[in-house]
J.: 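Handing you this structure, nothing more for now.
Positions are given from 1 along the sequence. On a predicted model such as this, the values are computed, not experimentally measured, just so you know.
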Amino acid sequence: MSNSIEVINLSKSYKNKIAVNNINFKIKKNEIVGLLGPNGCGKTTTIAMILGLLKPTNGKVLINNKNIENYRIELLHKMNFISPYIELPKKLTVKQNLIVYGKLYSVKNLSDKIEYLSDKLRLSKFLNDITGELSSGQKNRVSLAKSLINDPSVLLLDEPTASLDPETGDFIRTFLEKYKDEKKISILLASHNMDEVKRLCSSIMMMKSGTIIDEGKPEKLIKKHGRKNLEEVFLKLARINDLYTKNE
């Protein structure tokens with residue numbers, strides 16, 4: 001099975017600060033991989049480099065075996081992302097937002113695509129409402145619809161269920177599971193919800209101070225570190241000193 005995302009010796013420095021330090025990982029087709037770590041560990045910087053928004057200091061990102069720096073425009077038509085920290089235009093309706101983004105990606109049969117996503121993500125009742133007047137949970141679902149408007153083969157999810165109530169959060173996770181299996185897409189998931197990560201991800205990477213300090217299947221990491229659950233593993237790794245290595 002080929003790799004949709006391959007990160008090779010990727011680093012990013014800002015003057016005297018190293019934000020991301022020589023990380024490597026691969027994500028195959030039809031796979032969800034989790035990227036975990038405390039705030040400021042380098043997750044967002046990593047995602048920005050994968051999207052081609054930031055130029056790496058060293059290393060490279062391959063999307064479908066092509067370097068994002070050299071083929072950014074071509075590859076971005078096959079990629080998309082969601083982040084709770086990036087809002088959609090507030091004065092447009094939900095439908096207008098989806099039309100704008102659909103046209104940016106030159107989506108064919110756009111009306112059918114919007115109808116499909118509205119039905120799948122429970123947007124139909126507020127499709128003509130002003131986006132800025134929606135609840136945070138509703139905005140989150142609209143952002144997810146935006147991220148799927150172009151049928152991406154590579155999807156980057158930063159806290160996709162933030163601000164959602166438990167029932168809606170479970171609905172979104174079920175949707176992502178089915179959508180991934182149906183479309184065979186590759187997903188990188190950054191989340192602080194450990195139950196979500198354990199449920200969705202075939203493997204996870206633990207990041208701290210710009211470095212991937214451990215990785216593997218959720219159950220194996222729980223057993224390896226002698227903890228009861230993934231949250232306890234996260235807390236252990238987040239609190240140890242920066243000299244930690246996977247060989248300890």
J.: Does any pair with a residue in residues 13-25 pass salt bridge (charged side-chain N to carboxylate O under 4.0 Å, His left out), and if so which ones, sequence neighbours excluded?
T.: none
J.: For a 4.5 angstrom cut-off between non-hydrogen side-chain atoms, does Lys183 reach Leu148?
T.: no
J.: Do Thr93 and Ile130 make a side-chain contact, defined as non-hydrogen atoms from C-beta onward lying under 4.5 Å apart?
T.: yes
J.: Less than 3.5 Å apart, which donor and acceptor atoms pair up between the side chains of residues 193-206 and the rest of the protein, not counting sequence neighbours?
T.:
residue	atom	partner	partner atom	Å
Asn193	OD1	Asp195	N	3.2
Asn193	OD1	Glu196	N	2.9
Glu196	OE1	Thr161	OG1	2.5
Glu196	OE1	Arg173	NE	2.8
Glu196	OE1	Arg173	NH2	3.4
Glu196	OE2	Ser191	OG	2.9
Lys198	NZ	Glu219	OE2	2.9
Arg199	NE	Glu177	OE2	3.2
Arg199	NH1	Asp170	OD1	2.7
Arg199	NH2	Thr174	OG1	2.7
Arg199	NH2	Glu177	OE1	3.1
Ser202	OG	Glu31	OE2	3.2
Ser202	OG	Ile32	O	3.3

J.: Give me each pair satisfying side-chain hydrogen bond (donor to acceptor under 3.5 Å, both in side chains) with a member in residues 133-142, each pair once, sequence neighbours excluded.
T.: Ser135-Gln138
J.: Within the side chain of Glu6, is there an N or O that forms a donor-acceptor pair under 3.5 Å with the backbone of Asn65?
T.: no
J.: Has Ile222 got more than 12 heavy atoms of other residues, nucleotides or ligands less than 6.0 Å from its CD1?
T.: yes
J.: Could you pull out all residues at least two apart from Phe175 that satisfy ring pair (Phe, Tyr, Trp, His ring centres under 6.0 Å)?
T.: Tyr179
J.: Working to the nearest 0.5 Å, report the span between CG of Leu35 and CD1 of Ile50.
T.: 7.5 Å
J.: With sequence neighbours left out, what residues match Lys78 under side-chain hydrogen bond (donor to acceptor under 3.5 Å, both in side chains)?
T.: none
J.: Would you say that more than 12 heavy atoms from the other residues, nucleotides or ligands in this model lie under 6.0 Å from the CD of Glu231, or not?
T.: no
J.: In the single-linkage hydrophobic clustering (I, L, V, M, F, W, Y; side-chain heavy atoms under 4.5 Å), do Ile23 and Tyr14 co-cluster?
T.: yes
J.: Hey, could you give me the CG/OG distance between Asn58 and Ser11, rounded to the nearest 0.5 Å?
T.: 5.5 Å
J.: Do the side chains of Ile149 and Leu110 get nearer than 4.5 Å, heavy atoms only?
T.: yes
J.: For residues Leu51 and Met79, report the shortest heavy-atom separation together with the two atoms involved.
T.: CD2-CE, 4.1 Å
J.: Both conditions, 6.0 Å and 45 degrees, for the charged tip of Lys146 above the ring of Phe81: are they met here?
T.: yes
J.: Are any non-hydrogen side-chain atoms of Ile86 and Asp158 less than 4.5 angstrom apart?
T.: no
J.: To check you understand the geometry: which heavy-atom pair defines the closest contact between Val94 and Thr131, and what is its length?
T.: N-OG1, 3.5 Å
J.: From Leu121 CG over to Leu144 CG, what is the distance, rounded to the nearest 0.5 angstrom?
T.: 5.0 Å
J.: Rounded at 0.5 Å granularity, tell me how far OG in Ser186 sits from CD1 in Ile63.
T.: 8.5 Å
J.: Return the minimal non-hydrogen interatomic distance between Ile47 and Ala190, and the atom names on each side.
T.: CD1-CB, 4.2 Å
J.: Which side-chain N or O atoms in residues 112-119 pair as donor and acceptor under 3.5 Å with protein atoms at least two apart or in another chain?
T.:
residue	atom	partner	partner atom	Å
Lys113	NZ	Asp151	OD1	2.6
Lys113	NZ	Asp151	OD2	3.0
Ser118	OG	Ile114	O	2.7

J.: Return yes if some donor-acceptor pair links the side-chain N/O of Gln96 with the main-chain N/O of Leu92 below 3.5 Å, else return no.
T.: no
J.: Per the salt bridge (charged side-chain N to carboxylate O under 4.0 Å, His left out) rule, what does the pair list look like for residues 47-72, sequence neighbours excluded?
T.: Lys55-Glu69, Lys66-Glu74
J.: Are any non-hydrogen side-chain atoms of Thr211 and Asn22 less than 4.5 angstrom apart?
T.: no
J.: Please test Leu189 against Leu176 for side-chain contact (heavy atoms from CB on, under 4.5 Å), starting from the C-alpha separation and ending with a verdict.
T.: CA-CA 11 Å; Leu189 170 67; Leu176 287 172; 5.9 Å; no
J.: Hey, what do you get for NE2 (His225) to CG (Leu235), rounding to the nearest 0.5 Å?
T.: 12.5 Å
J.: Are Met207 and Val20 close enough that some pair of their side-chain heavy atoms sits under 4.5 Å apart?
T.: yes
J.: A side-chain contact here means heavy atoms from C-beta on lying under 4.5 Å apart; do Leu237 and Phe234 qualify?
T.: no
J.: How would you list, by chain and number, every residue that makes a side chain to side chain contact (heavy atoms under 4.5 Å, CB included) with Leu104, sequence neighbours excluded?
T.: Val100, Tyr101
J.: Step through the shown structure and confirm whether more than 12 heavy atoms of other residues, nucleotides or ligands are within 6.0 Å of NZ on Lys184.
T.: yes
J.: Please report the shortest heavy-atom distance between Ser13 and Ile18, naming the atom on each side.
T.: OG-CG1, 3.9 Å
J.: I'd like to know if the side chain of Lys208 and the backbone of Ala238 have a donor-acceptor N/O pair within less than 3.5 Å.
T.: yes
J.: If you count heavy atoms of other groups shown closer than 6.0 angstrom to NZ of Lys95, is the number above 12?
T.: no
J.: Would you check, one step at a time, whether the test side-chain contact (heavy atoms from CB on, under 4.5 Å) holds for Val233 with Lys224?
T.: CA-CA 9 Å; Val233 175; Lys224 173 182 176 181; over 6 Å; no
J.: With a 4.5 Å limit on heavy-atom distance, are the side chains of Thr57 and Lys12 in contact?
T.: yes
J.: Which residue pairs pass the ring pair (Phe, Tyr, Trp, His ring centres under 6.0 Å) test when at least one of the two sits in residues 143-173, sequence neighbours left out?
T.: none
J.: Enumerate the side-chain hydrogen bond (donor to acceptor under 3.5 Å, both in side chains) contacts for residues 41-51, please, sequence neighbours excluded, ordered by first and then second residue.
T.: none
J.: Among residues at least two apart in sequence or on other chains, which ones pass salt bridge (Lys or Arg N to Asp or Glu O under 4.0 Å) with Glu182?
T.: none
J.: Identify, with sequence neighbours excluded, every residue that meets side chain to side chain contact (heavy atoms under 4.5 Å, CB included) alongside Asn150.
T.: Asn80, Tyr105, Val107, Pro152
J.: Find the distance between CG (Asn21) and CD1 (Ile212) and round it off to the nearest 0.5 Å.
T.: 10.5 Å
